[in-house]
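One structure below.
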Amino acid sequence: SPPQKQELVSVLSTLAKCYLFLGRYTAALRTYHSALAEVGDEMDGSLLCACGQVEMQLGLFHEATDKFKRALEGSNEAISQTATLGLGLAQLSIAQSVIQDGKAGAAIECLELGIQSCETMAQSGSISAEKLRGDLHSFGALLPLRAFSSRSPGDNEQEILKTQVEFVSLGEEAYRVAEERALSTGLSGLRASLATDCGANILLRAQLKVSIDSQSAESDFQKAAAEFRRALELDGSYSPAWCGLGCASQKNLMLSQHAFCRAAELESLSPDPFANLGFLYTSQSAVESSK
């Protein structure tokens, strides 16, 4: 009977959460699948989202995408927001995975789908949606040029690269919107992280521009450095901001070295400052120091 089915689904859902608490993700996923089987054709957005989140943890990104899409069908606003964010994150994860297999076209399609998902939440005031939108645009800087060839008005390399730069540049505005929302909602503790993300986006853009417009690239390097300094004014102990400042300031070798060393002091388990410090030394032919 329906009441018994609802009770069984509730018990299975609770059991799945217990498995999650114990770190038993596979058992949790099997239990959620059992709960969904009991639900049948009836739509249960919260259950689908919960199942999709576990699949994300297990790296089952395509399966999670299916769950989040199904959850978006007829769910209430709160569940729709969770499903929308889940869908966007799943697409970013798929893009990161398929690009390793050389599937540039599939990667850009995933990024665009994820961005569309985030844009549907434009009026919701979600900080997470804007942060994720920025991340999706920023990841575009890591794709090979051929991923943007079909989206470029021209077929020469410079035109395609300009298209890639434009795609990446849209991430800056997303991070700034996210930071404004954090400030207006009393979540100022997020500002240093979001300012660092914004600086990283500008830095990626500058690195792409080097081969086509060195003057504009230098302007963006300076702008990125200013953004990282602003992040450090908000939180002087935020290691990624120091690391970003080092990357953006490599014409000032002393500042760059100081920034990387400070990042390493603050977060000694992170490989990023050490790797960047090694690259800096190698670029200056200081091979022994780089070791």
Side-chain angles (χ1 to χ4, degrees), residues 2 5-6 8-17 19-20 25-26 28-99 103 105-140 151 167 170-171 173-175 177-178 181-182 185 187 190:
K5 179 187 290 188
Q6 290 176 3
L8 177 57
V9 170
S10 177
V11 169
L12 288 170
S13 180
T14 302
L15 179 60
K17 291 174 184 176
Y19 281 134
L20 283 176
Y25 293 98
T26 303
L29 183 59
R30 284 200 301 266
T31 308
Y32 275 129
H33 283 169
S34 296
L36 287 170
E38 289 296 327
V39 171
D41 294 333
E42 298 174 22
M43 183 58 61
D44 190 325
S46 61
L47 195 59
L48 286 165
C49 283
C51 187
Q53 288 166 349
V54 178
E55 287 172 334
M56 288 290 292
Q57 291 284 341
L58 292 171
L60 302 172
F61 305 126
H62 291 281
E63 291 84 347
T65 294
D66 175 66
K67 300 298 187 304
F68 293 130
K69 283 182 176 180
R70 287 168 58 193
L72 282 169
E73 300 172 5
S75 297
N76 60 43
E77 184 176 349
I79 293 174
S80 292
Q81 287 190 16
T82 302
T84 299
L85 283 173
L87 180 58
L89 186 57
Q91 293 310 298
L92 177 57
S93 299
I94 292 172
Q96 292 169 337
S97 175
V98 299
I99 196 60
K103 299 177 181 178
I108 188 64
E109 287 174 5
C110 289
L111 295 183
E112 289 173 338
L113 179 57
I115 290 164
Q116 290 171 12
S117 181
C118 292
E119 287 175 345
T120 63
M121 295 180 64
Q123 304 304 316
S124 70
S126 170
I127 297 171
S128 298
E130 290 301 322
K131 150 73 173 165
L132 178 56
R133 183 164 70 91
D135 291 346
L136 287 156
H137 279 292
S138 292
F139 189 74
R151 291 156 178 80
F167 179 90
L170 294 173
E173 181 259 345
Y175 291 129
V177 171
R181 289 178 178 175
T185 54
L187 296 172
L190 298 175

Check the pair I79 / C49 against side-chain contact (heavy atoms from CB on, under 4.5 Å), numbers first and verdict last.
-> CA-CA 8 Å; I79 293 174; C49 283; 4.1 Å; yes

Given the rule in the side-chain contact (heavy atoms from CB on, under 4.5 Å) test, do L36 and K67 qualify, once you have shown the distances and angles that lead to the verdict?
-> CA-CA 11 Å; L36 287 170; K67 300 298 187 304; 4.1 Å; yes

Starting from the C-alpha separation in whole Å, work towards a yes-or-no answer on side-chain contact (heavy atoms from CB on, under 4.5 Å) for E55 and Y25.
-> CA-CA 8 Å; E55 287 172 334; Y25 293 98; over 6 Å; no

Audit row: K131, Y175, side-chain contact (heavy atoms from CB on, under 4.5 Å) steps and yes/no = CA-CA 6 Å; K131 150 73 173 165; Y175 291 129; 4.2 Å; yes

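For the salt bridge (Lys or Arg N to Asp or Glu O under 4.0 Å) condition, the pairs that include at least one residue of residues 105-119, sequence neighbours left out, are E112-R151. Legend: salt bridge (Lys or Arg N to Asp or Glu O under 4.0 Å) pairs involving residues 81-96, not counting sequence neighbours: none detected.
The distance from atom OG of S97 to atom NZ of K103, rounded to the nearest 0.5 Å, is 8.0 Å. Here E173 contributes atom CD and H137 contributes atom NE2; the two are 8.5 Å apart, rounded to the nearest 0.5 Å. The distance from the OG atom of S34 to the CG atom of L12 is 6.0 Å, given to the nearest 0.5 Å. Taken to the nearest 0.5 Å, the CG atom of L92 stands 12.0 Å off from the CG atom of L113. To the nearest 0.5 Å, atom CZ of residue R30 and atom CG of residue L15 are 10.5 Å apart. Atom CG in L85 sits 11.0 Å away from atom OG in S80 (nearest 0.5 Å).
The shortest heavy-atom contact between Q81 and S124 is NE2-CB, 3.7 Å. Between L87 and L72 the shortest heavy-atom distance is CD2-CD1, 4.1 Å. Nearest heavy-atom pair, S126 versus R181, reported as atom, atom and distance to 0.1 Å: O-NH1, 2.8 Å. Between A95 and A107, the shortest heavy-atom contact is CB-O, 3.7 Å. Between A178 and E130 the shortest heavy-atom distance is CB-CB, 3.8 Å.
A heavy-atom distance below 4.5 Å is not found between the side chains of V39 and K5. Residues I108 and F167 have side chains in contact (heavy-atom distance under 4.5 Å, counting atoms from C-beta outward). The shortest side-chain heavy-atom distance between Y19 and T26 does not fall under the 4.5 Å cut-off. Counting heavy atoms from C-beta outward, F68 and S117 have side chains that stay 4.5 Å or more apart. The closest side-chain heavy-atom distance from Q6 to V9 is not below 4.5 Å. Counting heavy atoms from C-beta on, the side chains of S46 and D44 come closer than 4.5 Å.
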Considering only distance and modelled atom types, tabulate donor-acceptor pairs under 3.5 Å from the side chains of residues 59-66, sequence neighbours left out.
from	atom 1	to	atom 2	distance (Å)
T65	OG1	F61	O	2.9
T65	OG1	Q91	NE2	3.1

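At a threshold of 4.0 Å, the pair R70-E73 does not count as salt-bridged, since none of the basic side-chain nitrogens sits closer than that to a carboxylate oxygen.
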